[in-house]
Amino acid sequence: QLQLVESGGGTVQVGASLRLSCTSSARTDSMDAMAWFRQAPGTELEFVAAIRWIGGRTNYAGIATDRFTISRDNARKTVWLQMNSQRTEDTAIYYCAAGTYMRNAQGEYDYWGQGTQVTVGE
């Protein structure tokens, strides 16, 4: 059973930066994709970015392009989401997920963290 633990959330002002971390209890070839999703109040869960442990290939949603960067450290079994130029619409609970394939759909991911709250205020 894979366990994912997120950290790094908090309250920031518009324009600030924040880096989220997700540490996995293990890294297996079958769970090669790591992703970040987010859910704002009253909305559905949406894909933000994903990365593969093997090779480091990345995939971004349109909301994340140019402002967010996903990265990983295989030895530390940790994935980060660097968020720059934060906007109020970035306010959400951010979840880390692990799956076999680097896809955009939440159903493609088998393991999820508990989430970390990000609040962006004026």
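Just the heavy atoms: all of them, side chains too, but no hydrogens, waters or symmetry mates, feed the values below.
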Are any side-chain N or O atoms of [X] and backbone N or O atoms of [Y], one a donor and one an acceptor, separated by less than 3.5 Å?
X      : Y      : value
Ser24  : Arg27  : no
Tyr60  : Ile70  : yes
Gln114 : Val5   : no
Thr91  : Thr119 : no
Asp32  : Asp29  : no
Arg38  : Ala92  : no
Glu6   : Thr116 : no

- Item | Neighbour count above 12 (heavy atom, 6.0 Å) for Glu44 CD | no
Under a single-linkage definition using a 4.5 Å side-chain heavy-atom cutoff for Ile, Leu, Val, Met, Phe, Trp and Tyr, are [X] and [Y] assigned to the same hydrophobic cluster?
X     : Y      : answer
Met31 : Leu81  : yes
Trp36 : Ile93  : no
Ile63 : Leu45  : no
Phe68 : Val120 : yes

- Would you please indicate if the ring centroids of Phe37 and Tyr109 are separated by under 6.0 Å? yes
Rounded at 0.5 Å granularity, tell me how far [atom1] in [X] sits from [atom2] in [Y].
X     : Y      : atom1 : atom2 : answer
Thr28 : Lys77  : OG1   : NZ    : 11.0 Å
Ser17 : Arg19  : OG    : CZ    : 11.5 Å
Ser25 : Tyr111 : OG    : OH    : 9.0 Å

- For Arg52 and Thr58, run side chain to side chain contact (heavy atoms under 4.5 Å, CB included): C-alpha distance rounded to whole Å, both residues' side-chain angles, the deciding distance at 0.1 Å, then the answer. CA-CA 7 Å; Arg52 296 185 63 182; Thr58 59; over 6 Å; no
- Task: Indicate the atoms forming the closest heavy-atom contact of Trp53 with Asp73, along with that distance.
- Result: CZ3-O, 3.8 Å
- Task: On the 0 to 90° scale, with breaks at 30° and 60°, tag the Tyr95-Trp112 ring pair as parallel, tilted or perpendicular.
- Result: perpendicular
Verify the distance criterion only: is there a donor paired with an acceptor across the side chains of [X] and [Y] at less than 3.5 Å?
X     : Y     : answer
Gln86 : Asn84 : no
Trp80 : Ser21 : yes
Thr78 : Thr23 : yes

- Between Asp90 and Arg67, is any pair of side-chain heavy atoms under 4.5 Å apart? yes
Output side-chain donor-acceptor pairs under 3.5 Å for residues 96-106, partner residues at least two apart or in another chain, one line each.
{"unit_1": "Thr100", "atom_1": "OG1", "unit_2": "Ser30", "atom_2": "O", "d": "3.0"}
{"unit_1": "Asn104", "atom_1": "OD1", "unit_2": "Asn59", "atom_2": "ND2", "d": "2.7"}

